[in-house]
Participant: 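Here it is: the structure, laid out below.
Below, each value reflects all heavy atoms present in this structure, side chains not excepted, and no hydrogens, waters or symmetry copies. First listed ligand is number 1; within each ligand, the first listed atom is number 1.
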Amino acid sequence: MVEATLAIIKPDAIKAKNAGKIIDRIEKEGFEIIAIKKLHLTKNQAEAFYAIHKGKPFFNELVEFMTSGPIIVMALKKENAIKEWRDLMGATNPAEAAENTIRKLYGTNKGINATHGSDAPETAKVEIDFFFPDLQK
Ligand code: ADP
Ligand code: MG
């Protein structure tokens with residue numbers, strides 16, 4: 001099924017000037033970028049976006065990291081986009097990510113890991129709406 005997912009290039013990847021390489025890879029792997037923008041999350045926005053992780057030991061660290069610099073958010077479209085993008089990113093922990101995945105190539109550790117991807121159809125919809133409320137899907 002052709003579907004959409006939300007991808008984020010996180011502050012670490014932008015600071016390291018890896019955003020262009022990641023976007024190039026996204027295109028080469030056959031995703032269509034249906035929406036894209038660069039922004040700097042406020043603390044409130046980061047807390048709202050990651051609300052599902054509220055209460056976890058890494059929550060404050062995650063919010064601090066995600067507000068530490070600009071991010072690039074994209075809505076991506078492809079057959080099985082949600083799984084395909086998570087496969088292309090690799091495991092949350094770059095040390096455990098498969099060779100040639102984005103997190104293996106550009107991630108630093110379990111928190112600072114270059115990219116985000118939605119994990120299910122419901123979360124993809126909520127996350128795309130969070131950043132692109134006017135997008136026609
Ligand atoms: P994923 O991004 O692979 O879906 P999660 O949804 O579990 O992973 O976590 C969201 C984000 O929170 C991760 O991408 C990472 O930046 C951060 N994170 C997750 N687990 C940890 C941890 N144990 N320590 C620090 N940061 C973490
Ligand atoms: Mg997740």
Participant: Kindly assign one of parallel, tilted or perpendicular to the pair H53 and F58, based on the angle between their ring planes and the thresholds 30° and 60°.
Facilitator: tilted

Participant: Any idea which protein heavy atom is nearest atom 11 (C) of ligand 1, and the distance to it?
Facilitator: L62 CD1, 3.9 Å

Participant: Considering residues at least two apart in sequence or located in another chain, which fulfil the side-chain contact (heavy atoms from CB on, under 4.5 Å) criterion with A13?
Facilitator: I9, N18, I22, A114

Participant: With a 4.0 Å heavy-atom cut-off (strictly under), which part of H53 contacts ligand 1: side chain, backbone, both or neither?
Facilitator: side chain

Participant: Taking only heavy atoms of T92, which atoms of ligand 1 are found under 4.0 Å from at least one of them?
Facilitator: 1 (P), 3 (O), 8 (O), 13 (C), 14 (O)

Participant: May I ask you to identify the nearest protein heavy atom to atom 2 (O) of ligand 1, giving residue, atom name and distance to one decimal place in Å?
Facilitator: R103 NH2, 3.0 Å

Participant: Determine whether L62 and F131 fall in the same hydrophobic cluster, where Ile, Leu, Val, Met, Phe, Trp and Tyr are linked whenever their side-chain heavy atoms lie under 4.5 Å apart.
Facilitator: yes

Participant: Could you tell me which atoms of ligand 1, counted from 1 in the order shown, lie closer than 4.0 angstrom to a heavy atom of R86?
Facilitator: 1 (P), 3 (O), 4 (O)

Participant: I need the atoms of ligand 1 closer than 4.0 Å to a non-hydrogen atom of N113, numbered in the order shown.
Facilitator: 13 (C), 14 (O), 15 (C), 16 (O)

Participant: Take E32 and K78, measure what side-chain contact (heavy atoms from CB on, under 4.5 Å) needs, and give me the verdict at the end.
Facilitator: CA-CA 6 Å; E32 183 191 345; K78 192 185 181 185; over 6 Å; no

Participant: Answer yes when K54 and E47 have at least one side-chain N-carboxylate O distance shorter than 4.0 Å, and no when they do not.
Facilitator: no

Participant: Any heavy atom of K10 closer to ligand 1 than 4.0 angstrom?
Facilitator: yes

Participant: Is it the case that ligand 1 has an N or O less than 3.5 angstrom from some N or O of F58?
Facilitator: no

Participant: How far is atom 15 (C) of ligand 1 from its nearest protein heavy atom, and which residue and atom is that?
Facilitator: K110 O, 3.2 Å

Participant: Report yes or no: does S118 contribute a side-chain atom to a donor-acceptor pair with the main-chain N or O of L6 at less than 3.5 Å?
Facilitator: yes

Participant: Specify whether F49 and F130 have parallel, tilted or perpendicular ring planes, treating 30° as the upper limit for parallel and 60° as the lower limit for perpendicular.
Facilitator: perpendicular

Participant: How far is atom 16 (O) of ligand 1 from its nearest protein heavy atom, and which residue and atom name does that atom have?
Facilitator: G111 O, 2.7 Å

Participant: Give, for atom CD1 of I36 and atom CZ of F132, the distance between the pair rounded to the nearest 0.5 Å.
Facilitator: 7.5 Å

Participant: Could you tell me whether some N/O pair between H116 and ligand 1 is separated by less than 3.5 angstrom?
Facilitator: no

Participant: Under the side-chain contact (heavy atoms from CB on, under 4.5 Å) criterion, do H116 and E127 qualify, and how do the steps go?
Facilitator: CA-CA 11 Å; H116 166 87; E127 291 181 356; 2.9 Å; yes

Participant: Would you mind telling me if ligand 1 is within reach of the side chain of K56, the backbone, both or neither, using heavy atoms under 4.0 Å?
Facilitator: neither

Participant: Give the atom numbers and elements of ligand 1 that come within less than 4.0 Å of a heavy atom of E61.
Facilitator: 25 (C)

